Amino acid sequence: MSAIEVQVASRILKEHYGDIVDKVCTQLIKYGSTPLRPLAQELSLKVDQVKKALCVLIQHNIVTFKLHKRGFVEYSAKVDHVLMIPRYPHYIYCAKTLYGDAGELIVEEFLQHGQMLMSAVVDKVSQRLSEAMEAGQKLDPRIVPGKFEDLVNTHFLQRLPAPPKQQEQEKAPSNAVPKLELSEKDMYRIPQGVDLTGRKRKRSVTDSGDADRTSKKVRGSSSTGNEEVASDAGVVWKINFDRFHQHLRDLEIVAAVCRRVDWHAGEIVRTMLRVSELTTDFNASETIPIGFHDIMRALPPDLKMTRNAAEQYFKLLSDDQTRILQKIGESGGGTYKIDLQKASQAICTATVESIVQERFGSKSFRIFKTLLIKKHLEQKQVEEFALIPAKEAKELLYKLFAEHIVTVQEIPRTPDHAPSRTFYLFTVNISQVSRMMLERCYKTLANLMSRRDYETKENRRLIEKAQRVEAITKSLQSHGADPTQTAEIEDMITAPEKLQLEQYKRKMAKLEQSELQVDGTIFILSNYIQQEGNR
């Protein structure tokens with residue numbers, strides 16, 4: 001973990017959760033697992049403040065806790081989860097594309113609250129959809145629970161491990177951390193008996209069944225000896241980020257195949273990825289083998305691809321130098337798989353090539369591409385293969401070397417390593433270049449956030465004034481005021497101030513769009529580096 005990653009994580013935490021949460025989490029990121037009281041002492045904060053900050057971070061799945069062998073509880077932070085926060089718009093858009101407005105709002109609720117009961121999510125999303133509907137329309141009560149179930153079945157949502165039942169917990173030592181357990185088969189399955197509409201049921205207070213302590217009590221029901229609890233009390237859900245990353249990675253692979261071959265080839269790869277998405281782990285290096293006939297049956301009907309055309313596309317893709325699609329058997333018309341490591345490498349290489357071309361120009365890109373293809377070349381060979389004059393090629397090559405895009409490998413002909421008797425071969429280490437560019441992307445992201453904060457501080461007075469005017473205008477409109485009265489309130493903002501406000505909004509839109517684009521590049525580079533680490 002680099003210093004710039006910690007800096008970016010700290011900015012994100014401060015923006016979303018405030019100063020105290022930022023201090024607590026940054027301390028855990030920098031110094032690792034720490035117990036509660038030493039953490040409070042190091043930060044010079046009250047224990048209650050640190051407790052509340054840790055509760056917020058645990059609720060959002062950023063901090064985890066475990067029991068130390070000496071008997072105390074220590075907390076540790078996951079910096080990767082913090083750095084995923086700028087990617088939240090991508091997750092929401094992905095859910096909207098796959099599952100419509102209801103799926104979008106469900107994912108948005110989870111991203112805002114971290115962990116939630118299904119009944120609470122269904123209630124909130126149903127209320128928001130009902131409010132957005134026109135007068136006279138009524139929301140079907142089965143829509144939101146159905147979309148929630150679809151998200152669980154496709155592993156976009158997963159169940160959190162639950163503490164032991166009340167009877168088992170009472171038998172455990174009082175100072176022990178409850179052991180959270182959940183079988184893998186139950187992680188993506190809604191328990192039986194859960195009311196998908198989110199309705200509550202009444203239960204006796206003296207009932208010592210399987211209820212969990214997390215059941216919510218309604219104050220008014222205590223006098224009757226009953227408490228009203230959700231039917232899914234104790235069954236908490238969260239976002240499965242790996243599944244979203246898998247879907248985003250699959251989209252990048254399909255887009256890369258479409259650019260390299262055509263749309264029909266991309267649809268074939270998309271179908272293979274869709275067939276194997278639930279059986280392939282995000283960190284897997286390849287998909288499961290899929291037969292030709294299974295792929296043909298799973299292709300979209302509107303594609304109308306004949307068997308001969310499909311065979312030609314499979315041959316074209318399997319013979320491609322990227323080796324994304326590979327044929328591994330002849331049974332059943334042929335068995336194929338997608339090499340996810342090679343796909344990630346091809347996408348990352350294309351991204352790095354694009355950065356080199358934009359930053360250093362077309363001739364430097366030609367040298368970079370030549371070294372990628374030929375692996376190791378001397379300076380004179382680079383000039384010949386890249387078809388660039390010697391003086392210019394030397395200047396461009398050493399500029400790439402100074403920026404650590406190109407590296408040099410020395411091969412001495414004699415033991416004394418004399419320069420006159422040593423070969424100097426230039427090469428490109430795509431893994432090293434990817435790590436360096438990932439650092440620069442994080443630095444760019446930090447700069448964009450700093451600029452956004454600066455613009456907001458510079459225009460704070462105008463923004464607050466515009467918000468006050470908007471609130472007063474809406475209040476007058478709700479009370480049936482005359483248009484002349486609302487116009488007079490709106491005229492409190494002068495023409496130059498309106499122009500300044502428009503400029504501020506345009507700048508913020510550009511900065512936010514730039515952050516999303518940089519985060520897309522970070523995702524591609526980090527995915528390749530992670531695949532390299534899994535080899």
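Keep in mind the model is a prediction, meaning the values are calculated, not measured.
Between Phe241 and His81, the two ring planes are perpendicular [angle over 60°; tilted spans 30° to 60°]. Using cut-offs of 30° and 60° for the angle between ring planes, the Tyr99 and Phe156 rings count as perpendicular. In this pair, Trp237 and Phe148 present their aromatic rings perpendicular. The plane angle is above 60°, beyond the 30 to 60° band.
In terms of modelled atom types and a separation under 3.5 Å, the side chain of Thr34 and the main chain of Gly32 share a donor-acceptor contact. Counting only distance, with no hydrogens or angles, the side chain of Ser33 and the backbone of Glu74 share no donor-acceptor pair below 3.5 Å. Side-chain atoms of Gln115 come within 3.5 Å of backbone atoms of Ile58 as a donor-acceptor pair (strictly under, hydrogens ignored). Proximity of a side-chain donor or acceptor of Lys465 to a complementary backbone N or O of Met492 within less than 3.5 Å is detected. Side chain of Arg249 to main chain of Phe282: a donor-acceptor pair is present (N/O by atom type, distance under 3.5 Å, no hydrogens or angles). Judged by distance alone, with hydrogens and angles left aside, the side-chain atoms of Thr97 form a donor-acceptor pair with the main-chain N or O of Tyr93 at under 3.5 Å.
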For Arg128 and Glu108, run salt bridge (Lys or Arg N to Asp or Glu O under 4.0 Å): C-alpha distance rounded to whole Å, both residues' side-chain angles, the deciding distance at 0.1 Å, then the answer. CA-CA 12 Å; Arg128 291 176 64 180; Glu108 186 179 335; 3.4 Å; yes

Given Glu277 and Arg243, is the side chain to side chain contact (heavy atoms under 4.5 Å, CB included) satisfied, shown in steps? CA-CA 9 Å; Glu277 62 186 358; Arg243 181 67 183 88; 2.8 Å; yes

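Among all heavy-atom pairs drawn from Val254 and Gly266, the shortest one is CG1-O, 3.6 Å. Here the closest heavy-atom approach between residue Ala95 and residue Val107 is recorded as CB-CG2, 3.4 Å. Ile489 and Ile472 make their closest contact through CG2-CG2, 3.9 Å (heavy atoms, listed as atom of the first residue, atom of the second, distance).
Between the side chains of Ser2 and Glu439, at least one donor N or O sits under 3.5 Å from an acceptor N or O.
A salt bridge links Arg270 with Glu267; the closest basic N to acidic carboxylate O contact falls under 4.0 Å. The existence of a salt bridge linking Arg452 and Glu15 is confirmed by a sub-4.0 Å separation between a basic side-chain nitrogen and an acidic carboxylate oxygen. A salt bridge links Arg461 to Glu497: at least one charged side-chain nitrogen sits closer than 4.0 Å to a carboxylate oxygen. A salt bridge does not link Glu458 with Lys507: none of the charged nitrogens is closer than 4.0 Å to a carboxylate oxygen. With salt bridges taken as basic N to acidic carboxylate O contacts below 4.0 Å, one links Asp140 and Arg142.
Rounded to the nearest 0.5 Å, atoms CG (Leu28) and CG (Leu57) are 7.5 Å apart. Distance check, rounded to the nearest 0.5 Å: CG of Leu39 to SG of Cys25 gives 10.0 Å.
Between His245 and Tyr91, the ring centre distance stays below 6.0 Å. A distance of 6.0 Å or more separates the ring centres of Phe523 and His90.
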